[in-house]
Amino acid sequence: MACLHPELLQSRVEEEYLWHCKQLGAYSPIVLLSTLLFFATKLFRFTTLAHHRRLAFSHISRLTHTSPGGKIAYVRFRIPGLEKGTASE
């Protein structure tokens, strides 16, 4: 499997296959939780149980930025205890 971004974790299971098999998505609460953990591991580079334990919905917010080119929506994740500006976004 080729990795477009070397800093992202490699997986033995293709993400497209997980979507196809309905292992990722919003089909049920457990699948939604699995999806959240999958993307936390992939995008936030969570690799340990301690990393996952710090994940809470109260640390995730949806923000929008309006520019001349249009409106941009993004998700911000802040890790409690870290100084301002050093959290993963």
Novice: I'd like to know if the side chain of H20 reaches the main chain of E16, judged simply by a donor and an acceptor atom lying under 3.5 Å from each other, with no hydrogens or angles considered.
Specialist: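 Checked: no pair found.
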Novice: Are side-chain heavy atoms of V31 and K22 found at a separation under 4.5 Å?
Specialist: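 Counting from C-beta outward, V31 and K22 never come under 4.5 Å.
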Novice: Looking only at non-hydrogen atoms, find the nearest pair between H51 and R45 and report the distance.
Specialist: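 Smallest interatomic distance, heavy atoms only, reads ND1-O, 4.4 Å.
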Novice: Using every non-hydrogen atom in the two residues, find where R62 and A73 come nearest and quote the distance to one decimal.
Specialist: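 Shortest heavy-atom contact: NH2-CB, 3.6 Å.
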Novice: Drop me the distance from T35's OG1 to I30's CD1, to the nearest 0.5 angstrom.
Specialist: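 Separation between the atoms: 10.0 Å.
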Novice: Decide whether F39 and Y17 are clustered together by the hydrophobic rule: side chain heavy atoms of Ile, Leu, Val, Met, Phe, Trp, Tyr closer than 4.5 Å, transitively.
Specialist: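 Yes, it is one cluster - the side chains of F39 and Y17 are joined through contacts under 4.5 Å.
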Novice: Decide whether L32 and F38 are clustered together by the hydrophobic rule: side chain heavy atoms of Ile, Leu, Val, Met, Phe, Trp, Tyr closer than 4.5 Å, transitively.
Specialist: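 Hydrophobic grouping puts L32 apart from F38.
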